[in-house]
Amino acid sequence: MDQNELRLLENRCIQDEPPECMAACPIHVDARAFAGHMARGAGQDAWKVLKKTMPFPSILGRICDAPCRDRCKRGKAGQAIEIGRLERACVSTPAPKQRIPALPKKEKRIAITGSDLDSLTAAWDLARKGYEISLFDSGDQPGGCLLAMSEKILPRYVVEEEIRELSALGVDIRLNAPVRDEVFHGGMRHDFDAVYLGVDHIAALRDENNGVFVYGYFQNGSSGSPVWKAAEGRRAATSIDRYLQKVSLTAGREREGPYSTRLYTRTDGVIHLSAVQPLDPVLGYTPDEAIREAGRCLQCQCLECVKVCEYLKHFGGYPKRYTREIYNNASIVMGARQANRLINSCSLCGLCEAVCPEDFAMQTLCLEARREMVQKGRMPPSAHEFALLDMAFSNSEQFAMVRHEPGFKTGIFLFFPGCQLSASAPAMVKKVYAHLRRILSGGVGLMLGCCNAPAFWAGDENLFQAEFSSLRDRWNGLGRPQIILACSTCYRIFETHMPEAQIISLWRVLEEKGLPGDLSVKHGAIPLAVHDPCTTRHDSGLQNSVRTLLLRLSQPFEELEPGRSHTECCGFGGLMQNANPDLAKTVARRLSGKSPADYLTYCAGCRDNLAAAGKRALHILDLIFPEVGGPDPGARKRPGWSLGQENRIRLKDELLNELWQEGLRKMDDHEKTVLNIPQEVQLILEERRILVSDIKKVIHNAEKTGETLFHPETGHYIAAFKPYKATFWVEYSVSGSSFTVHNAYSHRMEVAGKGET
Ligand code: SF4
Ligand code: SF4
Ligand code: SF4
């Protein structure tokens, strides 16, 4: 990604756009920040916000006509925030002591006529830029019509104080000046480098050229609005500065004065609240009333994606910021790549894009970054190693197989159950395959293996392409049958990468061809909450098929909100579990909390993840193929990594033996090692992602070579072995011909984490 592309992408995220109040304000006071401080009762901080942008805040804060109200988002849920009244409440308290920084002196002299807010603002802004300012007023007191205002609204001492500050900045105030006199104007033209004519002194000099400037003369239209007057003075000051600096008078000034902002803020669902009415409308808000009124401010922001995504929340930012971090991460030649974990933790579920008003797709950014890291050899192996090893296992001889239906030499269909369903519920795979053979004629082949989504999610394109093309070859070898897919992740992968294949979801097949006859066991009359896997987000047809099946099963159900196109991830996808197991648990827990009902889903990964988070969850196959008198399917545990692999090995063995009469597979020597693993150690192994098969390898090797350490006090042995990239240590004891495992460790590198330990 080059800088240009980066900027374009960053700009898609509008979170940093100003809120409506700030954009509508002619001088762009940050009313959001101001209201935020006021709501906390932090008047001094609120004061500082005003001082940052507002000229003469003690004056303008009391008399601002608040045009921002018309665009305040709170207006859509009650009444607009009374920013004007809040400003008045703020500036009625003592101002914080702040030094006014001025730039080094400049050699140019500027004359300003009048002393209404426009002239005062122009003088203030230009003096702070270092110009030598002379302010000419026709009256005998500076302040113009400000002095004519009611003492209750704008006390005279306030005007005098602010004028004193102007003088302190070096502005030379000259009173009783003949500002309408031609000769006087001739003198100003001669003595000064630029002249600003205040709105209260506009004479016949107005120019056709939008009244902006004639030979160093600047003036504005007259406005009755105090804040507009200040804005006009500021605009003139900018023009004069640019004129004297000999730079473009117009470039980059699109956002001067009110402009439209792209910031999106949701107001549906926000409780309507009316504005707080001050007990004394003349005096305005009391401190308590001001706190209550400011508390109504919505603190407008977008963050639509962050609201629905634990991952985005976890890293404490939002996509615009992450884009830059990810780009910087890629640019680092040497040193720690702080954003590695950020890049690898996204579940690639696409919900951010679905909720974003600008369609920002964080998953595309993260996947691209992963690909780049893999290409450049910068992906830490620990990020995805375990998932890729599991994928390799699924594609190995231990699980992968492909056959025509027993007794057939060709086939019209091919059932691909996927690795997750086979790992989670192998018996179900056998039942589905039997049913498909019953309801479909012409031959239903079977292919076991992985769709290679882990390599795709890991950004390892070479590995993905190599494995997927071998899968494609096997499918071609079968004569290109229609593929029946039980897993929505497989469905997405096949749909995208094998467009030449005809694919169909198992749910559609069952919808069209029929469910099994014996549906006598029902889960119950209590509605189940349907969780749509994130890989079905854009496939309402697939989602509908599942609901049709539930209706046919007479299974009451309710929609899990948000569902369908806005369904939330379970933490399984995108290899989040590998890069950030704790975050994946938080994600699963969040999803679990959406409804107290038992969940019904149609992805084995989702079901198992929910079950691991303590949520009662069923796979739709539990309803379609109920086990009479069997255990409660809603309470089924996640099988864990080791059992998942054993289940796949056994499934293949049993299928080959029972359907194709090919006999049982010969076991490797290490597989014959008999282990006794106490429950608490099993949990440790699962947590540390250590497979029982690897423990068997370690003990088998130790017993064969005698390379062990013996602890005489405990009677335990410690042995190590490195079957592939990771090294495993196992502490065990011998009991007859079996081995009791007491502990195990593995050494895999950890991914450096931003802000994490
Ligand atoms: S939804 Fe997220 S990515 Fe989209 S504009 Fe809002 S904060 Fe940015
Ligand atoms: S609700 Fe608050 S932040 Fe939003 S537009 Fe109104 S004042 Fe500004
Ligand atoms: S793809 Fe999913 S996990 Fe990733 S940022 Fe978007 S919503 Fe969050």
Side-chain angles (χ1 to χ4, degrees), residues 9-25 28-36 38-39 66 68-84 86-87 261-267 270 273 275 293-315 317-323 326 342-367 369 457 534-535 537 562 566-576 579-580 583-584 586-587 590-591:
L9 188 62
E10 275 182 315
N11 284 343
R12 292 277 291 279
C13 175
I14 51 168
Q15 166 64 10
D16 284 349
E17 280 278 295
E20 290 288 350
C21 47
M22 189 176 177
C25 171
H28 308 309
V29 168
D30 187 350
R32 179 176 61 186
F34 168 76
M38 289 296 282
C68 58
R69 287 185 76 261
D70 292 345
R71 281 172 51 188
C72 171
K73 281 277 178 184
R74 181 37 109 172
K76 301 231 179 303
Q79 287 175 305
I81 300 295
E82 293 286 352
I83 289 292
L86 287 172
E87 285 173 356
T261 173
R262 290 164 61 221
L263 185 67
Y264 173 82
T265 306
R266 258 178 104 112
T267 48
V270 175
L273 290 175
E293 175 60 9
R296 289 196 315 121
C297 170
L298 301 174
Q299 290 295 300
C300 291
Q301 53 180 341
C302 177
L303 295 188
E304 287 301 302
C305 55
V306 181
K307 287 180 208 161
V308 296
C309 172
E310 283 297 323
Y311 153 75
L312 290 171
K313 208 177 287 172
H314 176 78
F315 286 93
Y318 45 90
K320 188 184 188 103
R321 212 188 273 171
Y322 295 150
T323 307
I326 288 173
L342 172 68
I343 291 166
N344 286 316
S345 298
C346 170
S347 72
L348 311 179
C349 74
L351 180 56
C352 47
E353 187 182 9
V355 298
C356 174
E358 302 285 323
D359 302 331
F360 193 108
M362 191 70 192
Q363 74 276 18
T364 310
L365 180 65
C366 288
L367 187 57
W457 288 334
C534 60
T535 35
R537 185 178 310 290
H566 285 52
T567 186
E568 289 188 13
C569 175
C570 71
F572 176 78
L575 304 182
M576 176 191 266
N580 207 330
L583 176 61
T586 308
V587 168
R590 173 190 166 109
L591 176 60

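Every number for a ligand or one of its atoms is a count from 1 in the order of the listing. If you read the sequence from its start, that first residue is 1, and numbering goes on from there. Since we're looking at a predicted model, the values are computed, not measured.
Tyr311 places no side-chain N or O within 3.5 Å of a backbone atom of Met576 that could act as its donor or acceptor partner. For the pair Arg537 (side chain) and Thr567 (backbone), a donor-acceptor distance under 3.5 Å is present.
Taking a cutoff of 4.0 Å between a charged side-chain nitrogen and a carboxylate oxygen, Glu310 and Arg590 qualify as a salt bridge.
Rounding to the nearest 0.5 Å gives a distance of 11.0 Å between CG of Leu583 and NZ of Lys313. Put simply, CD on Gln299 and OG1 on Thr265 are 10.5 Å apart, with the number rounded to the nearest 0.5 Å. Expressed to the nearest 0.5 Å, how far OG1 of Thr323 lies from OH of Tyr318 amounts to 10.5 Å.
Distances below 4.0 Å separate heavy atoms of Cys302 from the following atoms of ligand 1: 1 (S), 5 (S), 6 (Fe), 7 (S). Atoms of ligand 1 found under 4.0 Å from any heavy atom of Glu304 (numbered from 1 in listed order, with element): 1 (S). Each of the following atoms of ligand 1 lies closer than 4.0 Å to a heavy atom of Cys305: 1 (S), 2 (Fe), 3 (S), 7 (S). For ligand 3, the atoms lying closer than 4.0 Å to a non-hydrogen atom of Cys309 are 3 (S), 5 (S), 7 (S), 8 (Fe). Close approach to Phe360 involves these atoms of ligand 1, each under 4.0 Å from a residue heavy atom: 3 (S). Ligand-side atoms of ligand 1 in range of Gln15: 7 (S), range being under 4.0 angstrom from any heavy atom.
Nearest protein heavy-atom neighbour of atom 4 (Fe) of ligand 2: Cys300 SG, 2.2 Å. Nearest protein heavy-atom neighbour of atom 2 (Fe) of ligand 2: Cys297 SG, 2.4 Å. Among protein heavy atoms, the minimum distance from atom 6 (Fe) of ligand 2 is reached at Cys72 SG, 2.3 Å. Shortest contact from atom 8 (Fe) of ligand 2 to any protein heavy atom: Cys21 SG, 2.3 Å. Nearest protein heavy-atom neighbour of atom 7 (S) of ligand 1: Leu303 N, 3.5 Å. In this structure, atom 1 (S) of ligand 2 lies nearest to the protein heavy atom Leu298 N, 3.3 Å. For atom 5 (S) of ligand 2, the closest non-hydrogen atom on the protein side is Lys73 N, 3.4 Å.
In summary, Cys346 places no N/O/S atom under 2.8 Å from atom 2 (Fe) of ligand 3, failing the contact criterion. At a cut-off of 2.8 Å, Cys569 does not coordinate atom 8 (Fe) of ligand 3 through any N, O or S atom.
Contacts between Val308 and ligand 3, counted as non-hydrogen atom pairs separated by less than 4.0 Å, are absent for every part of the residue.
Contact check for Met38 versus Ile81: no side-chain heavy atoms found under the 4.5 Å cut-off. Using a 4.5 Å cut-off on side-chain heavy atoms (C-beta onward), Leu273 and Gln79 make no contact.
Counting all heavy atoms, side chain and backbone alike, Cys346 lies closest to Gln363 at SG-CA, 4.2 Å. Of all the heavy atoms in Ala80 and Glu293, the pair that sits closest is O-OE2, 4.1 Å.
A side chain to side chain donor-acceptor pair (under 3.5 Å) with Gln15 is found for exactly one of Lys320, Arg262, Gln301, namely Gln301.
At least one heavy atom of Ile14 sits less than 4.0 Å from an atom of ligand 1.
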